[in-house]
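Quick caveat: nothing in here was measured; it's all calculated off a predicted structure.
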Amino acid sequence: MPGLFQRFFSPRWRHKDPAVRAQAASQLSPDDLDTLRQLAQDESPEVRRAALARVQELDPLFKWHRQSPSEESFQRLVDLLGGRVSPSPDLDTRLAKVEQLEDFALVDALIVHSDNQALRLAALARIDDEDRLIHHASDNGITAVRHAAADRVTTAEGLTLLVKQARRDKQVARLARERLARLRADAEQQAREESEREQLLVTLEAQANRSWEPTFEARLKHWIKNWDALTSSADEEQRARFDAAVARCRQRVAEHEHQSREIERVQREKNEAQATREGIFEALNQALRIVAEADRLTPEVMQALQGKWRLQEERWQDVSDRYGVSESFQQRYLALDQQAQSIWQAWERLQAEAPALREGLEKDQPLQPALDRLAWPAALPPTELVLDAQRQAAASERYASAQNAAKVEEHWSDEELGRHLEALIQELDQGRYRPASQLHRRLRQHLESSEQTLSSMHEQIYKQQTARLAELRDWRGFAAAPKREALLANIEALVEARDQPDAERHRRHQQLIRDWRLLGDAAATRDLAQRFRAASDALHAQLADWEAELNSREQDNLASRRALCDQLEALLANPSAAADPDGLRRVRDAAQEQWDHHWPIPKRQAASTGRHYARLRRQLQALIDERAGDVANRKRALVEQARQLADDSAPATQRAEQAKTLQQRWREMGRAPKGIEQTLWQQFRTHCDTIFAARDTVRDEQQTRQQQRFDDMQALIDRLDAWQPESGGERHVLDAALAEAQRLIPLPRSRRSDGMEKRWQGIVHAREVTLDRLALVEEARQWPDYRHYLRQAIAGELDTGQLDGDVRRAFEIRRTQQQTQSMEHAEESLQRCLVQLALLAGDAIPAELEPLRLEVQVARLNDGLGRPPTPPEELEQTLLRLLSIAPLSLEIWERYEPAFDNVMRHLGRAGHHHGDDAVDIV
């Protein structure tokens, strides 16, 4: 019962019968959208159509169609938007909806079926696909829509297709042809400009690889000016190629200018290096001359010599690293360096022997052993200490000789006494108190010990010199006393200056001690000496921690310098065979940085360690020069190989690859001495440039040949494009062009070759179509002969002996079928031939023959599975098949003959097909 009541009281739109649901849907209110939505998704098309017909609003229809699209909802939207039903939304609402449409099938339907031109144009504005625009421009029923669609077809392919399809509107076809002609003219103009740009680019790219010539820059400016006149339609790739080629040309100009400047710079640097070497020699000679011409060798003179020597040594090392050095210059420098070293070594020996010499002078001890160890060069001016020691040693020697002589004769002769007094006078005249005091003491001791009396003259001289010695002693004390007082005051003030840095106090303390020692025994008293020593000890106590730290740092620096020397010794003892000069130069520079960094060191070891390091540095520099010389020799060999390679007759590309290998080896070898390196590099680069120029020449020739192929192909394309065949018998012209193109292809891959290939294929296709059309017309115009042969065959009056091969074979087949085929089958074959000719001519097929269309089309497709026949071949095959049809009565043939005449007449009208004409069968 519940099911029965449910079926009894349920609404009719829920009924099982679709017809009942459709009737109920047609009676629903348009406002009952929920019910209509359910019915719009019903499984029955009739129900969906009835439900959708009740909906008047567009928004729910769009929503339902997106959720569940169907043919009925699509058609309802077309009806409402197109205004094909009443009532429909107002035009403004429909236009607004069309402007928002994304369903392009709906847009196409509105363009075709809308009731309003503005609506069709609005829908057309939603289309961007050119194929659909061509379709609407060809087939739309409204002229304004066709013209609007045609205006938006812009490509040459689209315009060509539009010309063929726009049969309903001659104005559209004419406008399309005019626009197509303009496009082709623009394309030809663009092609000419493209060719000129391409030729200019090829010329620029070839010029960028040529060697320098005087007119290089002028030509470049001329080509840039020509390019500026052709840049209106240049693409980004061409602009990039032009910029790259111009950049390379300008780089070649810059390289030439740089090479000229480089040659000038090398020559200038050689002159500067020569002047620098001469300046170094002059400075060293002057420094040695100053030392040699000095009356007394002082620390200031030695410091000046050391400063100039080190400076010139650094200048010599720098100029040697940069430009190299010849053997003669090296020998001159080593001679001067040896002189400076001998002077400095003598000075260092003096510093080591100075305490012994001073002690011997003060205590009147023998000085000859210390002087022997000192070995002071005779050509080197002595210091005051050395001179005093030499004089005291000479006096001691004379005194010893005198004592030895006194053993034989106790009294000195007047001549000997005169010599001693003369020596005393000389020492006093020169103001040397200490040697004079020693001579006076020895003379006095001799007179006292020997009790020898002097002559009156010698007595007077002796007394005068004794008085002068006393006066000199008083003067020394008078001059030295204020200095001693000042030094004492300074050192005592330094003891109290605790706020000053320890380093500064230590430096001033050492300077005060040196100044105190320089005064010797002048104005010296025990009290002053004790006060000075006490102040010095106090300073030592105050600076004990700092001096201990300084001593520790000096010891660490000394250890580091010795370790550095050990490393250099190890390196020099076993130098790596793979060590190049650049690596050794880096080792030398790093060692110098470490040496300068580890300072100060103890003074006693400074001289010996410095001499050791200087010797190792000179040995390292000699190793660098030796390795640099080896590199120079190997690079000379590379230069010779490059020269032989430049003169070789091997292929340029192969020689260029070998030159790249030589360049890689050049880079791996390191640097020779700079001056030699630059000279060898110029020679090596010249040979390599010759090799690469030959390679570039070969490439230019290849590009020239390729360009010639491009030009020949372009000329062939232009010649074939200008050729318009007038008969089908001119196919040999096309075959000759294809053979010539086969010789020129394949072209190098580029955008230009792709464009040329596309244009070539299009022109060849167009000429093949034209030739086929002409051949088709020529074949069709032979129809009267075929018709005459057929009538004679039907009447039994045909003499096949006078016919050519294909026609005679067709009639032989006809005789065979005369016995085996029926009249009905012959008529059906005749109908198939007529349908096939109508399809070939593009004519309308009679309604009674329409069922044969599909069969004939399938047969044509099967025949074209291998190589589809051309239209002339298909026409000839069809006509031959027509001649072979039998048995065929004259009555049947006369019934179909007008239709055949009409079709063949259409085919014979220069290829103009009339698809609107019907083929009538009597």
Side-chain angles (χ1 to χ4, degrees), residues 130 134 150 153-166 172-202 230 232-235 237-238 703-778 868 870-872 909-913:
E130 193 170 65
I134 294 172
V153 178
T154 57
T155 65
E157 293 81 2
L159 290 173
T160 303
L161 186 60
L162 181 59
V163 169
K164 295 180 179 179
Q165 295 185 1
V172 170
R174 179 179 58 80
L175 293 176
R177 281 194 296 270
E178 292 176 354
R179 292 173 60 193
L180 181 60
R182 286 196 300 270
L183 279 179
R184 288 176 176 173
D186 294 341
E188 291 177 358
Q189 177 65 23
Q190 186 175 1
R192 286 193 297 271
E193 293 182 357
E194 179 76 17
S195 177
E196 294 177 5
R197 281 196 302 272
E198 186 68 22
Q199 181 64 33
L200 182 58
L201 287 173
V202 171
L230 298 173
S232 59
S233 59
D235 56 20
E237 180 184 2
Q238 290 177 331
Q703 292 178 356
T704 302
R705 289 195 296 271
Q706 293 176 359
Q707 182 62 34
Q708 185 62 41
R709 290 171 61 191
F710 274 119
D711 296 341
D712 294 344
M713 189 66 186
Q714 186 65 49
L716 177 62
I717 292 174
D718 295 339
R719 189 168 67 252
L720 190 64
D721 190 20
W723 172 60
Q724 297 294 334
E726 298 180 356
S727 67
E730 298 181 27
R731 183 170 292 274
H732 65 279
V733 178
L734 179 61
D735 294 338
L738 290 174
E740 185 176 355
Q742 189 66 29
R743 180 180 58 83
L744 296 175
I745 60 174
L747 297 174
R749 301 303 303 172
S750 64
R751 294 183 61 183
R752 182 186 180 189
S753 63
D754 294 340
M756 292 177 68
E757 183 177 358
K758 290 180 180 179
R759 187 185 177 197
W760 169 255
Q761 296 296 337
I763 293 173
V764 168
H765 176 70
R767 296 301 172 267
E768 287 179 343
V769 170
T770 302
L771 289 172
D772 289 342
R773 186 178 69 248
L774 293 174
L776 181 67
V777 171
E778 294 172 358
T870 62
R909 290 179 181 175
H912 293 287
H913 301 166

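For the pair F710 and S753, the tightest heavy-atom approach, listed with the atom from each and the gap, is CE2-CB, 3.8 Å. For the residue pair E768 and L734, the shortest heavy atom distance occurs at CG-CD2, 3.4 Å. Of all non-hydrogen atoms in P725 and T770, the two that sit nearest each other are CG-CG2, 3.6 Å. A737 and L720 get closest at one heavy-atom pair: CB-CD1, 4.1 Å.
Between the CD atom of E730 and the CG atom of D735 there is a distance of 12.0 Å, given to the nearest 0.5 Å. Residue L716 holds its CG atom at 12.5 Å from CG of D711, rounded to the nearest 0.5 Å. For the atom pair CG of L774 and CD of E726, the computed distance is 9.0 Å after rounding to the nearest 0.5 Å.
Judged by distance alone, the side chain of R767 and the main-chain N or O of R731 form no donor-acceptor pair under 3.5 Å.
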Margin query: Is there a salt bridge (Lys or Arg N to Asp or Glu O under 4.0 Å) between K758 and E157? Walk through the geometry before answering.
Written below: CA-CA 12 Å; K758 290 180 180 179; E157 293 81 2; over 6 Å; no
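Proximity of R759 to Q714: side-chain heavy atoms (C-beta onward) are separated by under 4.5 Å at one or more points.
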